Amino acid sequence: KQEVTQIPAALSVPEGENLVLNCSFTDSAIYNLQWFRQDPGKGLTSLLLIQSSQREQTSGRLNASLDKSSGRSTLYIAASQPGDSATYLCAVNQAGTALIFGKGTTLSVSS
Amino acid sequence: GAVVSQHPSWVICKSGTSVKIECRSLDFQATTMFWYRQFPKQSLMLMATSNEGSKATYEQGVEKDKFLINHASLTLSTLTVTSAHPEDSSFYICSAFLRGTETQYFGPGTRLLVL
């Protein structure tokens, strides 16, 4: 059974810092890996989707990498801002199946 | 494109009543939809997979007689929480598969509070 682990569970940084969030999964036979953002009491915002054949995806200050063979992904956030404060969720799926989520990393960026 | 809606966004009900939540794919057809539940400060847990025209597949530990799922059309799946109790209070989120892409698109969620 696929399990997704995210480290750290919580992270506090001052504004402007670059930071890395980690995600690992136990079954490397994935189809997609996706990073989401969730603000308190809100739904999910999709940030980046990496297909299993890809190594990384970039959007603005965000860069996600995927090492499928080792079962790992990282989300890199450059020049963090207070508006980046949220919970970041990593999720993976296999073809035709539902995304399985990690427990998330709660990020707090102070000004 | 690929928008998923949920209705209602908020519902408060008395213990023992039933609540129906709708999940719609607005601009695409979804043969498969998924229902998740999220308790406070926890992650999303898959409850069931809903396939159009067939019975839903429930995850281990989810009572199929309590959480009734109907996927009668290619754009609509419903989740009915029967005889709701306070422990059913949670955030329910649906998602729909965009055929051919293996990508799930998520609805905005429904917050249920059972008094």
Side-chain angles (χ1 to χ4, degrees), chain A residues 1-10 21-25 27 29-54 57 59 64 66 68 86-108, chain B residues 1-10 21 23 30-52 56-62 69 71 77 89-113:
Chain A
K1 181 180 177 182
Q2 180 74 270
E3 292 185 3
V4 180
T5 302
Q6 291 188 245
I7 296 173
L21 308 181
N22 297 290
C23 171
S24 61
F25 44 95
D27 186 345
I30 65 168
Y31 194 92
N32 286 334
L33 183 142
Q34 207 161 347
W35 284 92
F36 295 86
R37 168 185 173 139
Q38 186 175 31
D39 293 289
K42 303 294 185 182
L44 304 178
T45 299
S46 179
L47 299 174
L48 292 165
L49 183 151
I50 309 177
Q51 295 179 348
S52 61
S53 58
Q54 298 173 326
Q57 285 285 343
S59 176
L66 172 63
K68 184 181 169 183
T87 296
Y88 291 82
L89 296 166
C90 170
V92 298
N93 72 337
Q94 296 175 322
T97 66
L99 283 167
I100 303 300
F101 285 81
K103 293 184 177 181
T105 294
T106 299
L107 173 65
S108 176
Chain B
V3 178
V4 177
S5 70
Q6 277 184 246
H7 178 79
S9 57
W10 259 103
I21 303 170
C23 176
T31 55
T32 302
M33 291 183 173
F34 303 101
W35 287 96
Y36 293 83
R37 179 169 53 183
Q38 185 179 35
F39 290 110
K41 299 191 182 299
Q42 296 189 24
S43 190
L44 280 75
M45 297 300 295
L46 180 66
M47 297 176 66
T49 300
S50 169
N51 293 301
E52 187 267 337
T57 303
Y58 291 82
E59 295 299 302
Q60 191 174 5
V62 178
I69 292 173
H71 194 158
S77 176
S89 299
S90 186
F91 192 48
Y92 293 86
I93 304 179
C94 73
S95 69
F97 252 147
L98 178 58
R99 189 186 301 180
T101 70
E102 297 289 336
T103 301
Q104 286 179 237
Y105 292 89
F106 285 80
T110 296
R111 193 162 300 280
L112 170 64
L113 177 61

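Convention: sequence-line order gives letters A, B, ...; per-chain numbering from 1. Just so it is clear, the model here is predicted, and its values are computed rather than measured.
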Closest-packed option against chain A by number of heavy-atom pairs under 4.5 Å, given B:Arg111, B:Gln104, B:Met45: B:Gln104

Contact origin within B:Gln38 toward chain A - heavy atom pairs under 4.5 Å: side chain

With sequence neighbours excluded, residues passing side-chain contact (heavy atoms from CB on, under 4.5 Å) with B:Thr103: A:Asn32, A:Leu49, B:Thr101, B:Tyr105

Aromatic ring pairing A:Phe101/B:Tyr36, orientation class (parallel under 30°, perpendicular over 60°, tilted between): perpendicular

Spacing of OH belonging to A:Tyr31 relative to CD1 belonging to A:Ile50, to within rounding of 0.5 Å: 14.5 Å

When A:Thr106, A:Leu99, A:Leu44 are compared by non-hydrogen pairs under 4.5 Å with chain B, the top option: A:Leu99

Interface moiety of B:Leu46 toward chain A, non-hydrogen atoms closer than 4.5 Å: side chain

Nearest heavy-atom neighbours spanning B:Ser50 and B:His71: OG-ND1, 2.8 Å

Part of A:Thr97 within contact of chain B (heavy atom distance under 4.5 Å): backbone

Heavy-atom proximity to chain B below 4.5 Å, by part of A:Gln38: side chain

From CD (A:Gln2) to CG (A:Asn93), nearest 0.5 Å: 9.5 Å

